[in-house]
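Just so it is clear, the model here is predicted, and its values are computed rather than measured.
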Amino acid sequence: MTDVLISASELADLLKTEPCVVIDTRNPDAYGAGHLPNAVNVHDIFTYLATSTPEGINELKTKFADAFGAAGLSGTETAVVYEQSMNSGFGQSCRGYYLLTMLGYPRVKVLHGGFDAWAAAGLPVTKDVPTPAKASFTIVPEAGEILIDAKTMLGAIGKPGIAILDVRDVDEWIGDSSSPYGKDFCPRKGRIPGAVWLEWYRMMKPTAEGPRFKSKDEILAECATVGISQTTPVYLYCFKGARASNTFLALKNAGVKDVRMYFGSWNEWSRDPSLPIEQGLPIASGVTTKAA
């Protein structure tokens, strides 16, 4: 696949040669302080909390098809999504990439390094707010297969061959905190039974310019530590589908073929007492028994 990530200099060139719609996922104050020329602010990409009932999924699709259409995306433009930097927005630009892909949008790029990379390159920044021409945004239903609901995730528990991948921060994984919004934001702490864990930060590494995604081979090496290869079906979750979107992008770029996300994630799962959870410190599974 072509790389979803685009550098600031590559984007500057692309904007001169192709029709693009640039989407800023940051909060309105950050956007107002300065943004890429003609960028449209869609902060709901980050804040929206989805549920995986049929009504909830329909609302999610309709809401963002409307928002992306209002931003000017008709299908002929390249959508370019950015956040402040790759580690300060919990993967919010990648959440934009995931939502657009889930809706079936054909051309999506994520600005690698975010606004910080653009500004550091000395590229133009403006406070002017564009008035995009509203476009008709088409949803492609089959593209939605990368979105899974709580029932599908429940069915994957204990199923050989499917990797349930938790990418939350370590305090959430060990059941010390229920969310990034506070320890007791959700009623239950813990994890989905049988999940393996790669903290989302591990898809990236520090550079002098700030965090950047690791190479394809480095990402596959991270995946191998929890038994995931390019042919393993992976069901991702985090708290609300932002950090998991960062991992979704990393895995797809690295050639992992079947990656889906439980977008309701822990925010939904923890609130339904009928759904099973594991609590306490995770017990080492598998890795110790696979000695050479």
Side-chain angles (χ1 to χ4, degrees), residues 1 4-5 45-46 48-52 56-57 60 81 86-87 89-103 108 110 143-159 161-170 172-173 179-180 186 190-204 213-214 216 219-270 275-278 282:
M1 62 174 283
V4 173
L5 299 166
I45 284 171
F46 178 55
Y48 187 81
L49 293 173
T51 56
S52 63
I57 287 172
L60 173 74
V81 193
M86 299 322 292
N87 68 337
F90 293 102
Q92 65 192 58
S93 59
C94 305
R95 200 182 200 235
Y97 158 68
Y98 175 81
L99 288 167
L100 283 159
T101 305
M102 183 270 295
L103 293 169
V108 189
V110 168
E145 288 174 2
I146 62 171
L147 177 74
I148 60 174
D149 58 13
K151 185 178 171 187
T152 305
M153 190 57 117
L154 182 64
I157 294 173
K159 209 175 252 185
I162 293 177
I164 297 174
L165 180 57
D166 184 324
V167 303
R168 296 174 300 162
D169 292 19
V170 65
E172 296 163 82
W173 167 249
S179 86
C186 286
R191 58 200 163 270
I192 296 177
V196 294
W197 177 63
L198 285 175
E199 202 169 13
W200 70 290
Y201 296 112
R202 282 174 63 182
M203 298 299 131
M204 300 181 289
F213 279 96
K214 291 178 176 175
K216 169 181 170 176
I219 286 164
L220 292 176
E222 293 288 0
C223 290
T225 65
V226 292
I228 292 172
S229 74
Q230 286 176 312
T231 57
T232 309
V234 180
Y235 288 6
L236 288 169
Y237 78 96
C238 59
F239 176 72
K240 64 172 186 184
R243 291 169 291 177
S245 293
N246 179 288
T247 306
F248 178 87
L249 187 159
L251 297 189
K252 293 305 288 181
N253 256 356
V256 181
K257 293 179 183 66
D258 184 3
V259 188
R260 306 176 194 218
M261 197 196 312
Y262 169 41
F263 202 65
S265 281
W266 193 254
N267 180 60
E268 179 180 57
W269 190 274
S270 65
L275 294 170
I277 63 171
E278 278 177 4

(message) Closer than 3.5 angstrom, by distance alone: can the side chain of Q230 be matched with the main-chain N or O of A254 as a donor-acceptor pair?
(response) yes

Note: G96 and V81 closest approach over all heavy atoms is CA-CG1, 4.2 Å

| said: Can you see whether W173 has R168 sitting over its ring - NZ or CZ less than 6.0 Å from the centre and within 45° of the normal? | reply: no

Across all chains, not counting sequence neighbours, the side-chain contact (heavy atoms from CB on, under 4.5 Å) partners of A250 are M203, F213, I219

Polar side-chain atom of T232 near backbone of V234 as donor-acceptor pair, under 3.5 Å:
no

Taking every heavy atom of G89 against every heavy atom of F46, the minimum-distance pair comes out as O-CE1, 3.4 Å

**Prompt:** Are the side chain of R95 and the backbone N or O of K240 linked by a donor-acceptor pair below 3.5 Å?
**Reply:** yes

* **Derivation and outcome, side chain to side chain contact (heavy atoms under 4.5 Å, CB included), residues L60 and L99** => CA-CA 9 Å; L60 173 74; L99 288 167; 4.0 Å; yes

Shortest non-hydrogen pair, S245 vs G91, comes out as CB-O, 4.3 Å

Value for CZ (R260) from CG (L236), rounded to nearest 0.5 Å, stands at 11.5 Å

With a 4.5 Å limit on heavy-atom distance, are the side chains of S270 and I277 in contact? no

With sequence neighbours left out, the residues meeting side-chain contact (heavy atoms from CB on, under 4.5 Å) with K159 are I162

Partner of W200 under side chain to side chain donor-acceptor pair (under 3.5 Å), picked from D169, N246, T247, is D169

For W266, the side chain to side chain donor-acceptor pair (under 3.5 Å) test, sequence neighbours excluded, returns none

Closest non-hydrogen atoms of C238 and V167, given as atom of the first, atom of the second and distance, are CB-CG2, 3.9 Å

**Message:** Quick one, K257 and T231 - any side-chain contact, counting heavy atoms below 4.5 Å?
**Reply:** yes

Only residue of D258, I228, V259, V256 satisfying side chain to side chain contact (heavy atoms under 4.5 Å, CB included) with P233 is D258

Sorted by chain and number, sequence neighbours left out, ring pair (Phe, Tyr, Trp, His ring centres under 6.0 Å) with F239 holds for Y181, F185

So the salt bridge (Lys or Arg N to Asp or Glu O under 4.0 Å) pairs with at least one residue in residues 194-204 (sequence neighbours excluded) are R202-E222

By side-chain contact (heavy atoms from CB on, under 4.5 Å), P193 pairs with (sequence neighbours left out) I157, P276, E278

The reported gap from CG in N267 to OG in S179 (rounded to nearest 0.5 angstrom) is 8.0 Å

Sorted by chain and residue number, the ring pair (Phe, Tyr, Trp, His ring centres under 6.0 Å) partners of F263 (sequence neighbours excluded) come out as Y98

By side chain to side chain donor-acceptor pair (under 3.5 Å), S93 pairs with (sequence neighbours left out) E83

Worked verdict on Y97 versus K252 for side chain to side chain contact (heavy atoms under 4.5 Å, CB included)
CA-CA 11 Å; Y97 158 68; K252 293 305 288 181; 4.1 Å; yes

Could you go through V170 and W197, starting from their C-alpha distance and side-chain angles, then the distance that decides it, and tell me whether this counts as side chain to side chain contact (heavy atoms under 4.5 Å, CB included)?
CA-CA 9 Å; V170 65; W197 177 63; 3.6 Å; yes

L249 and C94 have their tightest heavy-atom pair at CD1-SG, 3.9 Å

So CE of M261 and OG1 of T101: to nearest 0.5 Å the spacing works out to 9.5 Å

Contacts of Y201 meeting ring pair (Phe, Tyr, Trp, His ring centres under 6.0 Å) (sequence neighbours excluded), chain-then-number -> none

Sorted by chain and number, sequence neighbours left out, side chain to side chain donor-acceptor pair (under 3.5 Å) with E268 holds for S52, Y262

For this session: Apply side chain to side chain contact (heavy atoms under 4.5 Å, CB included) to the pair L165 and L198, showing each step before the final yes or no.
Result: CA-CA 7 Å; L165 180 57; L198 285 175; 4.0 Å; yes

For S265 and G241, the nearest pair of non-hydrogen atoms, with its separation, is OG-N, 3.8 Å

Contacts of E172 meeting salt bridge (charged side-chain N to carboxylate O under 4.0 Å, His left out) (sequence neighbours excluded), chain-then-number -> R243

Applying side chain to side chain donor-acceptor pair (under 3.5 Å) to T152 and not counting sequence neighbours gives D149

